[in-house]
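Reading through the C-alpha cells given below for one structure.
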Amino acid sequence: MSTADTQARPGGTLTALPGDELRQILWRFAERYDLQMLVQAARLVARGPVARLVAAGGRNSHEWNDQKSELLPAFDQAGITTMSLDPEHGGFIEGPKNLAMALAAFELAWVDGGAATSSLAGHLALAPIHEKGTADQRETYMKRVTPLQPGEDRKQWRGSFCLTEPIPFVGVETQKLAGKVRVESWEEGKEPMLKVEKRGRFITNMDFANFVTAAVDSDDPRIKGSCIIILEEGDPGTFDRGAPTRKLVHQLSSTRDPIFSLVVPASRIVGGYTLENGTIVPRFTHSQVIEAVFRRTRVTVGLMTAAKLLSAPEPIIRYHRNRFRGGPSDAPGTPRYDLGLQQKEDVLHRMVDIWATGEASASLGFAAARFFDDFDALDHRRDAIFAESGIPAGRTGMKALAGWQDKAIEFVRLSGRPGSSHDEARSSRNQARHRELESSELVRFLVGDALANVLCPACKLWNTGHGANMMREAVSLMGGYGITEDCPGFLGQKWMDSQLEATYEGPEAVQRRQLSVTMANEIFLTQFEEWIRDMRRVAATHPGTGACTLATAMEIWLWTIRHLQSAKDADGKPLFRDQRQGITFPLADALCWLLASRFQILDVLELEEKGPQNPAVAEGLTGTLRFFTDLCHVQAARAAGEVTRICSDLVFGYNRHPSWDAPGARVYEAEALEALEGVMPGVMACARSMADVVEADGSHAEKAGPCVRFAGMETFMQMRTKICGCGTGAGLSKDRAAQALTTVMIPEALDYPS
Ligand SMILES: Cc1cc2nc3c(=O)[nH]c(=O)nc-3n(C[C@H](O)[C@H](O)[C@H](O)COP(=O)(O)OP(=O)(O)OC[C@H]3O[C@@H](n4cnc5c(N)ncnc54)[C@H](O)[C@@H]3O)c2cc1C
C-alpha cells in the first residue's frame with residue numbers, strides 16, 4: 001500500500017499548517033532557489049507594508065494617495081517590479097517567468113489583491129512589448145521600468161495597459177475599438193507621425209503611469225487594421241489621467257478613466273510595421289497581441305484567488321477555537337473551551353470544502369504556470385515553426401494544418417499508451433513512430449497549443465469564479481465579524497476582491513467562450529482520454545484520492561461533449577454551437593472542476609514521492625499525506641457531483657418529454673424501451689403507462705425522436721449509476737479531514753497585522 005493511501009490505517013494526521021518546504025514540493029519549485037527568494041521577498045512586502053496599510057484603513061478610499069504610493073518602492077526593492085524582465089534588461093530570473101509571476105502574485109494576494117494587481121498591472125503594460133515588441137522597444141521600455149541602480153540619474157517609468165473603453169465600446173467584446181489611429185503627418189523619407197485618440201475605462205496604474213500600451217483601430221486608409229501602440233506621458237497632445245474609478249475592491253491599486261489625444265511616431269506600434277503600397281501595415285493586430293499576453297497573465301490572476309482561499313483556514317480555525325473562551329464557566333480542558341465552534345460538524349465540513357477548493361485551485365493554477373514555462377520556447381517560435389513547416393497564413397494554412405492535427409493526435413495517443421518511451425515492452429514500430437512525431441516541432445507545438453488554450457481560461461474561470469463563491473463561504477464562517485473591517489485575515493475584503501479577479505482580464509463569459517472552442521479541439525480531447533487512463537491507473541494504486549470517482553466523472557464529461565457535438569434538440573436544432581451558450585458554457589464549467597481535481601491529485605502524488613527526501617516535510621509526512629489525500633477525495637467527489645449534474649441537465653434537458661409530444665408524435669419504439677430497462681426506471685414507467693395509447697412501431701422511430709434518443713444514452717446512465725458507487729468513502733474522508741482541523745496546531749496570531 002502506498003503512503004498516500006494510508007488514511008484507512010490509524011495514526012497520523014495533519015499536525016501543523018503547510019509550510020514553505022511542503023509548498024515547494026507540491027508546486028514544484030523545491031529546486032528553484034531564485035523563486036524561493038522571490039517568494040520570501042514578496043511575503044515581506046505583503047505581510048509588512050501592505051498589511052499595515054490595510055490594517056490602518058488604507059482600503060477605505062478608492063483614491064490613490066501618498067501612503068499607497070509608498071508601496072511602489074517596496075515592490076521595487078523586493079524585485080517584484082523586475083521579475084518579468086530578462087536579465088539583459090535588468091531582471092534577475094533566467095528563462096520563462098510564468099511560475100515566478102504566479103508565486104509573487106500569490107504571496108501579495110494572500111494579504112491584499114489590490115497590492116498584487118498594482119504590481120501585476122506594470123507587467124501587463126510591458127507584456128505586449130515583451131511578447132510582440134521589436135528588439136528596440138524591448139530594450140527601451142524594459143530598461144526604463146527598471147528601478148534605479150546606485151549612481152544612476154534617470155526617472156523610473158511605470159506603465160498601464162489600456163484596452164477597455166467607455167460604454168458603449170470595448171469591454172468583453174474586444175473587436176470593435178473606438179480608440180483610433182490615423183496619420184498626422186508623413187514627410188518623404190521620414191517616419192510617419194500618428195495621431196492617437198483613445199479613451200480608457202477602469203485602467204489600472206493610471207495615477208502614476210508614464211507610458212501606456214493602448215489598443216487602437218485604424219481610422220485612415222493609409223493604416224491597415226488595428227494595433228497596440230505605446231503612448232508616453234511627454235508626447236505632444238493630451239495625456240489626461242481621467243477620473244478615478246469609485247471601486248469597491250482592490251483599493252490599494254490605482255484605477256482611472258484616462259483620455260489620450262497624442263501624436264506619436266509610427267515606431268511606437270508594438271512589433272513594428274511594414275510599408276506596403278504606401279500603407280502602414282502593423283505586424284500584429286491588437287487581437288494577436290492581447291491573445292499572446294492574456295494567455296499567460298490570466299493564470300496569475302487565477303492564483304490570486306487561490307491565495308485568498310488558502311489564507312482563510314488559519315484565521316477561521318482560530319476564530320472557531322477561541323469563540324467561547326473567556327466566559328466564566330469555560331475552563332481549559334472542556335470541549336467548549338478547547339474546540340469552541342469546532343464542536344459543530346457543519347463548520348468543520350465547510351472549512352474542509354474551502355480548504356479543498358483552495359488546494360485544487362492552487363494546483364490547477366501552478367500547473368498552468370509551469371506548463372506555460374515549459375511551452376514558452378515553442379510558443380514564441382510559433383511563426384517560425386509554421387513557416388519552416390510550409391504552413392501559410394490564413395485559410396490556406398488552416399487546411400494545411402489538418403494533416404498535422406492528425407499527427408498531433410497520433411503523438412498524444414502514442415505518448416500515453418503503456419509501452420511509450422517509458423515502457424520497454426512497446427513495439428519498436430510504435431517507438432520509432434513516436435520518436436518521429438516527437439522530433440517535429442510543429443507536432444509538439446500543436447499539442448502544447450491545444451493544452452495552453454484550455455489550461456489558461458480554465459484556471460482563470462474556475463479559480464476566480466468558483467473561488468469567489470467559496471470566499472463567501474469563508475466569510476460566512478466568521479459570522480458577523482466576517483463582514484466587518486476587523487475580520488482577521490481581511491476575509492470580507494478578499495471576498496469582494498475575488499469578484500474583481502473574476503472580472504478583469506476578461507470576465508467569466510470570456511473564458512467560457514474561449515473554452516467552448518478550445519475544449520472541443522480533437523487534440524485536447526485525445527489528451528483528455530489519456531488523462532482518464534492515467535487517472536484509472538492512479539485509482540488502482542491510490543483509491544483514497546478519489547481518482548476513481550474523478551476518472552468516471554471525466555468519462556461522463558467526455559461522453560457528453562461527444563454526444564452534444566452531434567445531437568440535436570427536440571426541435572431538430574444542433575446543440576453544440578457557438579451561439580448556444582446554455583450548452584457550451586456549463587460544459588466548460590464542468591471541465592474546469594475536473595481539471596482542478598486532477599492537478600490536485602497529481603500534486604499529492606508528487607508530495608508522496610518527494611516528501612521523504614526533505615527532512616522538514618518527512619517529519620509527520622504520513623499525517624500530512626493523509627490530510628491532503630482526504631482533501632483530494634472530498635474535492636473529487638464534489639467535482640463528480642457537479643459534472644454529473646451539469647452533464648445530466650445538458651443530455652436530457654433539450655429533449656422533449658415523450659408525454660409532452662403532440663398525439664401524432666406519441667410513438668414509442670419498442671427497442672428503445674427495452675434498452676432502457678434497468679437504467680432509467682422513471683422513464684420506463686412513464687413510457688409503459690402510455691404504451692396502450694401509442695403505437696410501438698419501429699417505423700415511427702423518427703417521430704419518436706426523444707425516446708429513441710434516450711436509447712443511445714444507456715452508456716451515460718450506466719456511468720451515472722457507476723459514479724454513485726465511486727463516491728464511496730468520500731464522506732469518511734471529509735470526516736477525517738474535519739477531525740484534523742480540530743487538532744492541527746496554528747500560531748497564536750496571524751503573522752501580519754490585521
Ligand atoms: C478595478 C478594475 C481594474 C481594471 N483594470 C483594467 C486595465 O488595467 N486595463 C484594461 O484594459 N481594463 C481594465 N479593467 C476592465 C475590465 O477588464 C473589464 O471591466 C472587463 O473586461 C469586462 O468588461 P465590461 O466591464 O465592459 O463588461 P461588459 O462587456 O459590459 O460585460 C458585462 C457582462 O455581460 C456578460 N457578457 C458580455 N458579453 C458577453 C458575451 N459575448 N457572451 C456572454 N456574456 C457576455 C458577462 O456576464 C459580462 O461579465 C479593469 C476593471 C476594473 C473594475
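Each ligand, and each atom within it, is numbered from 1 in the order the structure gives. Heads up: numbering here begins at 1 and tracks the sequence. Just so you know, these numbers come straight off a predicted model, no measurement behind them.
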Protein N/O near ligand 1 N/O, under 3.5 Å, which pairs?
| from | atom 1 | to | atom 2 | distance (Å) |
| --- | --- | --- | --- | --- |
| ligand 1 | 5 (N) | F202 | O | 2.7 |
| ligand 1 | 5 (N) | T204 | OG1 | 2.8 |
| ligand 1 | 8 (O) | T204 | N | 3.0 |
| ligand 1 | 8 (O) | T204 | OG1 | 3.3 |
| ligand 1 | 9 (N) | F161 | O | 2.8 |
| ligand 1 | 11 (O) | L163 | N | 2.8 |
| ligand 1 | 11 (O) | T164 | N | 2.9 |
| ligand 1 | 11 (O) | T164 | OG1 | 3.2 |
| ligand 1 | 12 (N) | T164 | OG1 | 2.7 |
| ligand 1 | 14 (N) | F202 | O | 3.2 |
| ligand 1 | 26 (O) | R201 | NH2 | 2.7 |
| ligand 1 | 29 (O) | V172 | N | 2.8 |
| ligand 1 | 41 (N) | E173 | OE2 | 2.8 |
| ligand 1 | 41 (N) | R513 | NH1 | 3.2 |
| ligand 1 | 42 (N) | Q581 | NE2 | 3.2 |

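For F372, there are no ring-ring contact (aromatic ring centres under 6.0 Å, His included) partners two or more places apart in sequence or in a different chain. Checked against side-chain hydrogen bond (donor to acceptor under 3.5 Å, both in side chains), N521 has no partners two or more places apart in sequence or in another chain.
Looking at K155, R158, R144 one by one, the single match for salt bridge (Lys or Arg N to Asp or Glu O under 4.0 Å) with E232 turns out to be R144. Of the listed residues (V289, T140, T213), just one forms a side chain to side chain contact (heavy atoms under 4.5 Å, CB included) with I129, and that residue is T213.
Sorted by first and then second residue, the side chain to side chain donor-acceptor pair (under 3.5 Å) pairs involving residues 108-127 (not counting sequence neighbours) are R59-D112, S84-H123, T117-H250, T117-Y504.
If you look at F294 and F161, their ring centroids are closer than 6.0 Å.
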